[in-house]
Structure formats: structure tokens, C-alpha cells
Undergrad: 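Sending over a structure as C-alpha cells; questions will come in a sec.
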Amino acid sequence: MVELKIFRTEKERVLKGYQKRNLKQEQIDLVDQILHLDTERKKTQAELDQILSQSNHLAKEIGELFKSGNAQEANAKKTAVADLKEKSKQLELLLEQTMAQINELQLQLPNVPNTVVPHGKTAEDNEVYFSSSRPLPVLAENALPHWELAKKYKLFDMELGVKITGSGFILYRNKGARLQRALINFFLDEAVKAGYEEIIPPLLVNEDSARGTGQLPDKEGQMYYAEKDDLYLIPTAEVPVTNIYRDVILKEDQLGAKLCGYTPCFRREAGSYGAHVKGLNRVHQFDKIEIVRIEHPDKSYAALDEMLEHVKSLLEKLELPYRILRLCGGDMGFASALTYDFEVWSAAQERWLEVSSVSNFETFQSHRMKLRFKNEKGESIHPHTLNGSALALARIVASILENHQTEDGIRIPQALIPYTCFEKIN
RNA sequence: GGAGGAAUGGCAGAGUGGUUGAACGCGGCGGUCUUGAAAACCGUUGACUGUAACAGGUCCGGGGGUUCGAAUCCCUCUUCCUCCGCCA
């Protein structure tokens, strides 16, 4: 969530940013309400502190009086303390209510977009930030979409997924399964080469973790929930990996942490249907390698650029045409200050598929998670957190199958052959 | 799943109702000494909130209670350790 301090000191920037997100006026008004409640809170706190201070003093005096055997005077003071206690209880209640109100309002406000974020309401308004130089392939007349290719070459089976679990769960087999495993290893190796520490995190997380990265409360419906144990299946490795840093105070030299994690990701995707979710386009379980960074505020945007370069290099090595979008204010995630989406070309479907989303959350997550570092002056400062997919598998598989199909099979990109141990799917 | 024990500052570890935000030690930081370093010695060293700055307030796993006063007593939850059972 956005820190109160930012509302207090940078209100103008906040309001400008929120306009880019096309927030309703009543939502923008929350900023003023929060600031008002905050001064109320301070007033109540000061009053309460004074009363507590008095009663602390009295308690000490009473102790000394008892020690010196002056029970009578001590008992007299007890009634004074009882009065103070009554008052302090009321103030405490008021304080609690005010803070709960502030918190509730704060949770409703998204992160403040970076100045370079374009204005706009929907995905239509996203700005094409970069396009790969690779030309879109011209496919043969009889070219097939990936779900037909999967049937032809027995790569994955949707019907079996339905039988075993339900729609949106895929059973990969044969070279389809091996391609999947090859991609996972390829992406992990590339990340490790780029200096990321490999993590294998838990796939279920508790409520605190889901809250820490912002899945709760607003994306509750997106996650599978194991009620009996009060645990959530992760929608992305971002959740467990970033939560390593929940409630942590780092030393300044520990900043610049680079982590990567491979996990399956589980998403309910309630309400999705139709042609755009066909095949691997949108599934309930898919594999993804996530990269996460914890950075000094001065260095986070350089880190973001570095992450873009990393993802670009992966797509280049897979020989896929892609483009990078800079998301507009209206299409950005709640927690993000700047987000770039990577889309790869799905040649047979003739559409772009999102395969990566790289974001700088600035202090939004670190504030929520209570992640801080100490600078040289000994001040506690929230670092910036960033993450991105590098990469999400299901759609990459779709794109590889479609873009690299030929008359006599599907060609495996050079860089991947050491991992698949086969050069062609036929 | 059953039985018992524990949870204190970066670490280790005292503290069982009244100057205890917390001893001692290690670690960290600053200094003295030294050509430099080590050793030794001296000092300093938790978080949050608050203030212009002081002051003040909160925090000894979480929550609740008893009391004028709780790290210390009671209830409850969580986690960890030991033993038994089960198990890849």
C-alpha cells in the first residue's frame, strides 16, 4: 500500500498519478479523507499517551508508597489511576477505530504510476515500447493452431486433463512433456547465468504471505484455497519468493538481491470462456520462472531495464517475434508503478499472447510487507521490489509450436536443442 | 495424531509482580595504544510511534485477562524441540 508519508509529502504527484489510472473522483477523494483521519489519529494518540504517562507515574509512586509502608496514601492514588484507566480505554478504542478506517481506505488506493506511464483506460491505450526485429512468419496454407498441432504430434491432451481434473488442466506427454521440461531448465539456467539465486519455494502459502504481495484482499477470487488448512495455492512464484523478505530489516549492502524461482502457477480464472481461452492460451495450471529483485530506490529503474534485457534475450534465443508494451494507467496492476508486458506472436492464431509482465512496485509491496533497510545514517527506508516472468511456459509453448511449424514437423530453436535432446517434433 | 518441554535484543543467554527496554557474554560501531594489524582497554549499540527539537507512548512469539503496577501470574492461539505413532 502507499505509505502515509507519501500522501503527506507528495500529494500533488499522487493526485496526478491517480488521474492517469482513471480513478473515480470519489476514490481520489480518499486521499484527503486519509490525511484528515491521520491528523485525528495523531491527536488521539497524543491524548492517550499523556494519560498513559500520568498513570505510569502514579503506579510508580504507589509502589514506592507501599514500600515505605504508607498504605493509606497509596490506596488514595489507586482511585486516581482507575479514573485514568477508564479514559484511556475509551481513547484506545477510538484510536483503534481510526486506524482501522485509515487502513481500510489505504487498501483501496493503488500505487502511484511513474511519470512515464501513459494515460489511458484499457489495453487499447498501451504503448508499444519495443518491437523485435524478427519478421512475423508467413505460414503455409495448411498451418495449424497449436491445439491442432498438439493432437497431430501427441504433445498434450486436453480431454485427459478434463477427465483427471477439469477444464483448463493440461496433461502433457511425449515430446510435449519433454519440451516443457527443457524450457524450464533453459529459463532457470539463463537466470542463474544472469546472477539470480535459484529458489524452490512452497507452492501453498498462508494468509500473511498472500496479503504481503497484495493478492489479498483484492485478488482473492483468483486463487485456489485449501480451506481445511487455510492455505492458498500460489498464482505465481512472486508470492512465496517475495515473502522471503516479509518483516525483514536488511543492511544496505544486502540490497540488490536477485532471486529466481520456478513453480507451477494456479489460477482459477473464474468467468473466462470462449475462443480466446482455447488451447494453451489460458489455463488453470501453468509453469513459470519468475525473477524477483530487491533494490535501493535509486537503482530500481536501472534494475527494471536490466530485467527487460534479460527477458528480451530469452525470446531472441527462442527465435520468436515479440513486442514490449508499456502499460497505461488504466491497465496497470494495482500494486505496480510501472509495468512492461511482453507479447509473443502466435502465428497461426495471428494474435499476440502475453508471456511476461515486468514491474517495479517501488515501495508499495515493501511497505505492506514491512521490508526495510538501514542506510548509513541509520534511517529505516523501504527498498523497491521488482518482479517479472522469465518466462511463462504455456503460451511460449503455443508460440513455439505455431511459429516454428514446417511441412515436416516443428523445428526446435538452436538454443533449446541441448535441453530437449531432439531437433524436431514430427 | 498422542505425551511432555520451550519461545526474551544481530546471536547466545539471565531475569518469576515495582527505576527491567531488559544483566553478563559474543558480534557491530567509535576511540585509546600501534608503523599497520591483532590483542588489551574505554565508550557506544533494538524496533515502532511521536516532536522543530526535547518530552512522551508502545513492543520480551500473537491475542485476551488479573493487578495501582506484568517479560514475570491466568486463559488461548501459533511456532519450535524431545518421545511415541504414521509415512515418500
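Order of the sequence lines fixes the chain letters, A, B, ..., with proteins taken first and strands second; residue numbering starts at 1 for each chain.
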Undergrad: Should Lys251(A) be listed as having a side-chain N or O under 4.0 Å from OP1 or OP2 of rG10(B)?
TA: no

Undergrad: Quiz question: by atom type and distance under 3.5 Å, do the side chains of Thr363(A) and His382(A) form a donor-acceptor pair?
TA: no

Undergrad: Taking the cut-offs as 6.0 angstrom to the six-membered ring centre and 45 degrees off its axis, would you call Lys175(A) and Tyr153(A) a cation-pi pair?
TA: no

Undergrad: By the 4.0 Å heavy-atom rule, please label Lys374(A) as base, sugar-phosphate, or nothing.
TA: sugar-phosphate

Undergrad: If rU51(B) has a Watson-Crick or G-U wobble mate with both distances under 3.5 Å, name it; if not, just say none.
TA: none

Undergrad: rC68(B) C1' sits how many Å from Phe66(A) CZ, rounded?
TA: 7 Å

Undergrad: Both distances below 3.5 Å, Watson-Crick or wobble geometry, any strand: find the nucleotide opposite rC86(B).
TA: none

Undergrad: Partner of rG61(B) by Watson-Crick or G-U wobble geometry, both contacts under 3.5 Å, or none?
TA: rC77(B)

Undergrad: Should rU19(B) form a Watson-Crick or G-U wobble pair with both distances under 3.5 Å, which nucleotide is its partner?
TA: none

Undergrad: Roughly how far apart, to the nearest Å, are rG46(B) and rG9(B) at atom C1'?
TA: 5 Å

Undergrad: Rounded to whole angstroms, how far apart are CE on Met99(A) and C1' on rU49(B)?
TA: 10 Å

Undergrad: Suppose we define a pair by two distances each less than 3.5 Å, Watson-Crick or G-U wobble; what does rG69(B) pair with here?
TA: none

Undergrad: For rC74(B) and rU67(B), measure between their C1' atoms and round to the nearest Å.
TA: 12 Å

Undergrad: Under 4.0 Å, heavy atoms only, any strand: does Asn56(A) hit a base, just the sugar-phosphate, or nothing?
TA: sugar-phosphate

Undergrad: Using a cut-off of strictly less than 4.0 Å, decide whether Lys77(A) has a side-chain nitrogen or oxygen near OP1 or OP2 of rG69(B).
TA: no

Undergrad: Using only modelled atom types and a 3.5 angstrom limit, is any donor from either the side chain of Asp49(A) or the base of rG56(B) paired with an acceptor on the other?
TA: yes

Undergrad: Starting from P on rU78(B), measure out to CG on Asp229(A) and report it in whole angstrom.
TA: 12 Å

Undergrad: Would you measure the distance from the C1' atom in rG85(B) across to the matching atom in rA3(B) and give it in whole Å?
TA: 11 Å

Undergrad: Salt bridge check, Glu92(A) against Lys89(A): does any charged N sit closer than 4.0 Å to a carboxylate O?
TA: no

Undergrad: Does Gln33(A) CD have over 12 foreign heavy atoms under 6.0 Å away?
TA: yes

Undergrad: Between rA14(B) and rG61(B), how far is it from one P atom to the other, in whole Å?
TA: 15 Å

Undergrad: Please report the distance separating the C1' of rU49(B) from the corresponding atom of rA37(B), rounded so that it comes out in whole Å.
TA: 43 Å

Undergrad: Assign Lys60(A) to base, sugar-phosphate, or nothing according to its heavy-atom contacts below 4.0 angstrom with the strands shown.
TA: nothing

Undergrad: Whether Glu290(A) and Lys288(A) form a salt bridge (side-chain N of Lys/Arg under 4.0 Å from carboxylate O of Asp/Glu) is what I want to check.
TA: yes

Undergrad: Which residue, Glu319(A), Glu423(A), Glu402(A), forms the salt bridge (charged side-chain N to carboxylate O under 4.0 Å, His left out) with Arg411(A)?
TA: Glu319(A)

Undergrad: Rounding to an integer number of angstrom, what distance separates rU8(B) and rU66(B) when you compare their P atoms?
TA: 27 Å

Undergrad: On a whole-Å scale, what distance lies between the P atoms belonging to rU20(B) and rA39(B)?
TA: 33 Å

Undergrad: With a 3.5 angstrom cut-off on both distances, give the Watson-Crick or G-U wobble partner of rA39(B), or none if there isn't one.
TA: none

Undergrad: So, OP1 or OP2 of rC48(B): does either fall under 4.0 Å of a side-chain N or O from Ser380(A)?
TA: yes

Undergrad: Under 3.5 Å for both donor-acceptor distances, Watson-Crick or wobble: does rG10(B) have a partner, and if so which one?
TA: rC26(B)

Undergrad: Between Glu207(A) and Arg211(A), does any side-chain N to carboxylate O distance fall below 4.0 Å?
TA: yes

Undergrad: Which is more 5' along RNA chain B, the nucleotide nearest Glu64(A) or the one nearest Gln54(A)? Just name the residue.
TA: Glu64(A)

Undergrad: Can you check the Ile51(A) CD1 to rU58(B) C1' distance for me, whole Å?
TA: 16 Å

Undergrad: Give the rounded distance in Å between these two atoms: CG of Asn75(A) and P of rU67(B).
TA: 14 Å

Undergrad: Starting at CG of Asn103(A) and ending at C1' of rU49(B), how long is that distance when rounded to a whole Å?
TA: 16 Å

Undergrad: Rounding to an integer number of angstrom, what distance separates rA71(B) and rG2(B) when you compare their P atoms?
TA: 33 Å

Undergrad: Between Gln45(A) (CD) and rU58(B) (P), how many Å, whole number?
TA: 10 Å

Undergrad: What contact category does Leu52(A) fall into here, base, sugar-phosphate, or nothing, at under 4.0 angstrom with non-hydrogen atoms?
TA: sugar-phosphate

Undergrad: Measuring to OP1 and OP2 of rG50(B), would you say a side-chain N or O of Arg41(A) lies under 4.0 angstrom away?
TA: yes

Undergrad: Counting neighbours of CZ on Arg181(A) that are heavy atoms of other residues, nucleotides or ligands and sit closer than 6.0 Å, is the number greater than 12?
TA: no

Undergrad: Using a cut-off of strictly less than 4.0 Å, decide whether Arg372(A) has a side-chain nitrogen or oxygen near OP1 or OP2 of rA47(B).
TA: no

Undergrad: For Asp38(A) and for Ser53(A), locate the closest nucleotide of RNA chain B by heavy-atom distance; then report the residue assigned to the nucleotide nearer the 5' terminus.
TA: Asp38(A)

Undergrad: Ile249(A) has a side chain; which of rG18(B), rG56(B), rA47(B) sits nearest to it?
TA: rA47(B)

Undergrad: Rounded to the nearest Å, what distance is computed from the CD atom of residue Glu252(A) to the C1' atom of nucleotide rG10(B)?
TA: 18 Å

